[in-house]
Amino acid sequence: MARVAVDVVIKPEILDPQGKAIVAALARTGHPGVSSVRQGKHFDLEVDDSVTDADLEEIAENLLANPVIETWTITRLQDADAPVAR
Amino acid sequence: MARVAVDVVIKPEILDPQGKAIVAALARTGHPGVSSVRQGKHFDLEVDDSVTDADLEEIAENLLANPVIETWTITRLQDADAPVAR
Amino acid sequence: MDDHPPAGRRRPGGPVTSGSGAPRIGVVTFPGTLDDVDAARAVRYAGAEAVPLWHADGDLKDVEAVVIPGGFSYGDYLRAGAIASHAPVMRSVVDAARGPRKLPVLGICNGFQVLCEAGLLPGALMRNAALKFICRDQWLRVENADTAWSSRFDTGAEILVPLKNAEGRYVADDHTLDELEGEGRVVFRYVTDGAQDGATNPNGALRDIAGISSADGRIVGLMPHPEHAIDPLTGPTDDGLGLFLSALDAITGAPTLTGASS
Amino acid sequence: MVEEDGVGSSGDTVARAEQTPDQPQPYRELGLKDDEYARIKEILGRRPTDAELAMYSVMWSEHCSYKSSKVHLGYFGKTTTAEMKSKMLAGIGENAGVVDIGDGWAVTFKIESHNHPSFVEPYQGAATGVGGIVRDILAMGARPVAVMDQLRFGPADAPDSQRVVPGIVSGVGGYGNSLGLPNIGGEVVFDASYAGNPLVNAACIGVLRVEDLHTAHASGAGNKIILYGSRTGLDGIGGVSVLASDTFAADDPAAGTTGSGGSRKKLPSVQVGDPFAEKVLIECTLEVFHAGLVVGIQDLGGAGLSCATSELAAAGDGGMHVELDAVPLRAEGMTAAEILSSESQERMCAVVTPDKVDAFLAVCAKWDVQADVIGEVTETGRLVIDFQGQTVVDVPPRTVAHEGPVYERPIARPESQDALQADTTASLARPELSELRELVLRMIASPNLCARNWITDQYDRYVRGNTVLAQPADAGIVRVAESYGADSGDGPERGVAMATDCNGRYTQLDPYAGAQLALAEAYRNVGTTGAVPIAVTNCLNFGSPEDPAVMWQFSQAVRGLADGCAELGIPVTGGNVSFYNQTGGTAILPTPVVGVLGVIDDVRRRTIPGIGHDTGESLILLGE
Ligand SMILES: Nc1ncnc2c1ncn2[C@@H]1O[C@H](COP(=O)(O)OP(=O)(O)O)[C@@H](O)[C@H]1O
């Protein structure tokens, strides 16, 4: 068993209206110091040991992200049993 | 200028219909080794140096996450100018 | 009915055939598909037989065209259409559309998203710029009346059909967009001038694109819902029927620009 | 206090309850009064187990037992004549009222409140409110065909409204849209009294064949109880977490501790909806109905399995035996009380004869819906629930489901009522003629009168292609046969219309007349579409029943509505009461939302709303 985090973000050239809306809301609520926000997705996976890095790459590319609009990073975390700072 | 990542995840006791749907889809498409997926949000922020950790905490709690059903982690990354592995 | 806005300038034409021997048009249902009954009704109104196709079954049952209807397949939790694009029925649809038969395929709303996710159409659909679900009657301009799903219209005709979605913002890179425009593959565009409230399109779609086609014009995807505009009793107009009548022409080999009528 | 011998993993059992009669229990934290707790002990002849206490406390709550409203609601029955009842197939007491509309068709409809959850978590509260009412309609054997929503918010410019309004609207839309149910109407009202207590009422209409009417009952010893739909998790458990066994005592030292020892850390009472799961649940349920695979069925809403098992058993002719270990869980280490109290969404409970179990499970498998046999109907007359090899519940089911306390709360017309009524518009300055234009503009721009498109544009009114009228019409109409999936042929197509209305200010001025005005408005709104009104439902939103002034408003409103219905000759077929809608000590405006259902024989003859379709139209004023 392993824990894997996959972070999916929208490519920089593509408009992210959510991010823009958040920046505007932050400015209104007294946080003008935040100059940019991009919103993406975060996945926490629990996978058994048969799942290879190549499998993870395929899972991210074919399902978790859409390569037309998004990029992703995959991070293997420590064992699922060990508490993860979260 | 600094880069900050905020990952927001649904509390473990709360239903995550997204994650459920993804696990089922992965099993169908030949990835039965993924036993659990929790889907959350990932935010990439660019903040200027006036933004303190306490500010970030407040931003996450009041805007990026819904404390009723979600928890979050805040990670300061290296300088915005330095390339970030992504 | 006389109590509705004027119908779009559509080339007239009624059902080609009906009853037994009518062309068979498949309507796909995924778990979470919602507008399959509407799509099947539109197919019937056009004079064809609607054949239900189940997501888990790769058998296309000898249909001569396929409609992938709207809804929220698998909840659309990950990305709209992402999970559905991997269903067995989609593998068959992709093969039949790309194969020698060049099966005509129409993706409406979620169906459009599925076609993009399956790689049959370029680009992607993203969250509406206003970040809200939007349901309203929307004018569209027919930009290309030479596809399998738009031949009953005149190029430049304007039609009024419902639009309803949360993720309808069409995006693609500039190169792809230029290619689509250059090849006449932008089939429907949001009408943003004149009567509309405000000058922008409803969801922030690049170049006001509401629907596109494959290079051969056999596969069309669009966000608005022609199947909800087949009878002024239940929709704003019956303008949407034109897409389904067009498909009948494509199936029966009727010359595209003359329009068959019974 | 934790017993020396500790509690096994199965927690408190009947055997243990018999041995430890004096163990203190946190019944007050669970909302039970001293005398209510005493009555439970009397019924059982011992102290209740934790699981039993959880069941009784939730089933005897105001929300489930109608303990303050029951004595008043009886008036609806008294004023409903046999003639008014002639088309009623199911009425007050069932999940939802059902009326016969001819040619073998029946329609069921109901409004429910989800006010408090929507304040805590606007999106999910509103979403699960829609989900809950849809399952109510489904449990009658009907295909849900349309939804409506009645919303009350604080002032539009109040800071909290910016959290509450968009959240609730997108929750109603998010769930209903994903479910494929057209939204055919509703209401939006802004008033300061709702600032800390918005109202989210959701209505659903369902269509069925008369012969398919199902009521919730578990009869026939040996019949199996099948729980199907989503897994059961810790969501929505809220207060019951005070009962969690000491296994979790160390979990969170900061959490409030209670009489029964440590507690699991306070769990959120928020439920998260999964409309996709509900959509497949609907299709799956309709398929098992039509295949003739169910004897009885019950949705799981508030009070979860506690409610489903006790109500099914109480309505049957015997008893019921349930194995809680068979309930599929989403969280580890859940106690019996938690499993019974969980309000996890998108679940249903069916009673199935043994020979049809396999066929039932096969339909569920087709739709990818989890289904498990969790028990069976017995002849013991008792509801017995086992968990981890021990009996944790052994009760007469009627005492849980139907024999809760009934209160005659004190009623007092508030002294301020006279002054309120005396304060008429006579004292207001009349605008000068020159101010009229500005006044009209101000009025139509005001939150309570302006266009509702910002809200209604977020709702799908087209899905399934049967919506004949929706916004901006005064009543929505859907056609019946095609909504159900039947071919409507070439003849006239029958439709069903619904409108809901309520003016809280009028009701505050005179609760009796206010309720009648709401009824009259909804009745007119249905009538003006061309439909004939045939039945009434309601959702009575009020403040605290412990406030005699609120009880006075309530009793007056019920009487006004019942008398009005008798006058119009149409029955109240069901309703919902929501009390304790107040911020601090201040109650909301009394808000008895009234829904009127109508039938139109040919939907093509409906009246399109509005004036000015053609030049030269005449305006005719009817009435005084
Ligand atoms: N919350 C809501 N959900 C759905 N429809 C709504 C809602 N609020 C208002 N509507 C619809 O918008 C239209 C206008 O509403 P309203 O201004 O309240 O009408 P009226 O003042 O004529 O009663 C009506 O068709 C009504 O059903």
Side-chain angles (χ1 to χ4, degrees), chain C residues 1-5 29-42 44-45 54-57 69-78 80 83 109-110 128 130-138 161-166 197 202 224-225 227-236 240, chain D residues 166 169-170 172-183 273-280 283-284 366-369 453-471 477-479 482-485 487-488 493 495 602-610 613-614:
Chain C
M1 303 291 284
D2 50 10
D3 42 26
H4 280 274
T29 300
F30 299 103
T33 294
L34 306 176
D35 301 319
D36 44 354
V37 285
D38 308 68
R41 188 187 293 115
R44 284 198 311 273
Y45 274 36
W54 183 239
H55 71 105
D57 188 349
F72 292 82
S73 52
Y74 300 94
D76 276 355
Y77 291 128
L78 177 58
I83 293 178
C109 194
N110 197 220
N128 293 346
L131 304 175
K132 287 198 301 258
F133 184 95
I134 165 164
C135 173
R136 73 181 201 199
D137 299 340
Q138 175 69 41
V161 299
L163 174 76
K164 41 162 226 187
N165 58 65
D197 48 352
H225 289 261
E227 83 285 19
H228 289 327
I230 59 166
D231 182 348
L233 177 71
T234 50
Chain D
V169 170
S170 57
V172 170
Y175 205 98
N177 296 344
S178 308
L179 219 49
L181 291 176
N183 186 307
D274 180 357
F276 169 64
E278 181 120 324
K279 168 68 181 164
V280 289
E283 300 304 332
C284 175
K366 172 186 163 192
W367 288 100
D368 260 333
V369 168
N453 294 57
W454 186 87
I455 289 168
T456 54
D457 281 1
Q458 296 185 53
Y459 301 157
D460 183 351
R461 60 183 179 276
Y462 285 114
V463 63
R464 298 191 78 80
N466 295 302
T467 308
V468 174
L469 280 186
Q471 64 85 14
I477 296 185
V478 286
R479 51 182 174 193
E482 277 203 41
S483 283
Y484 182 81
D487 190 355
S488 51
E493 293 176 89
D602 183 358
V603 290
R604 294 203 181 256
R605 299 186 51 195
R606 86 261 181 239
T607 314
I608 306 272
H613 294 296
D614 292 301

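It should be emphasised that the depicted structure is a prediction, and the values quoted were computed from it without experimental measurement. Here is how names work: the chains are called A, B, and so on, in the same order as the sequence lines, proteins then strands, and each is numbered from 1.
Of the two parts of V280(D), only the side chain, counted from C-beta on, holds a non-hydrogen atom closer than 4.5 Å to a non-hydrogen atom of chain C. With a 4.5 Å cut-off on non-hydrogen atoms, R479(D) touches chain C through its side chain but not through its backbone. In this structure, the portion of T467(D) lying under 4.5 Å from any heavy atom of chain C is its backbone and not its side chain. Contact annotation for L179(D): only backbone heavy atoms (N, CA, C, O) come within less than 4.5 Å of a heavy atom of chain C. Looking at V169(D), neither its backbone nor its side chain comes within 4.5 Å of chain C, counting heavy atoms on both sides. In this structure, the portion of E493(D) lying under 4.5 Å from any heavy atom of chain C is its side chain and not its backbone. With a threshold of 4.5 angstrom between heavy atoms, Y77(C) approaches chain D through side-chain atoms but not through N, CA, C or O.
Annotation: the span from C135(C) atom SG to N177(D) atom CG amounts to 7.5 Å, rounded to 0.5 Å. Between R464(D) atom CZ and T234(C) atom OG1 the span is 13.5 Å, to the nearest 0.5 Å. A distance of 12.0 Å separates OG1 of T456(D) from CZ of R136(C), quoted to the nearest 0.5 Å.
In this structure, the side chains of L34(C) and K279(D) come closer than 4.5 Å at one or more pairs of heavy atoms. Two residues are said to be in side-chain contact when any heavy atoms from C-beta on lie closer than 4.5 Å; V463(D) and H225(C) fail this criterion. No side-chain heavy atom of P31(C) sits less than 4.5 Å from a side-chain heavy atom of W367(D).
For the salt bridge (charged side-chain N to carboxylate O under 4.0 Å, His left out) test, residues two or more places apart in sequence or in another chain that qualify with D274(D) are K20(B).
Here G75(C) is the residue among A56(C), A42(C), A166(C), G75(C) with the most heavy-atom pairs under 4.5 Å with chain D. Note: V37(C) leads T33(C), V37(C), D36(C) in heavy-atom pairs under 4.5 Å with chain D. Counting heavy-atom pairs under 4.5 Å between each of P275(D), G173(D), G174(D) and chain C puts P275(D) at the top. Chosen from G180(D), G485(D), S178(D), the residue pairing most often with chain C at heavy-atom distances under 4.5 Å is S178(D).
Across F276(D) and F72(C), no two heavy atoms sit closer than the pair CD1-O, 4.4 Å.
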CA sep, side-chain torsions, deciding dist, call: D460(D), K164(C), salt bridge (charged side-chain N to carboxylate O under 4.0 Å, His left out): CA-CA 7 Å; D460(D) 183 351; K164(C) 41 162 226 187; 2.6 Å; yes
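By the 30° and 60° cut-offs, the orientation of the rings of H228(C) relative to Y462(D) is parallel.
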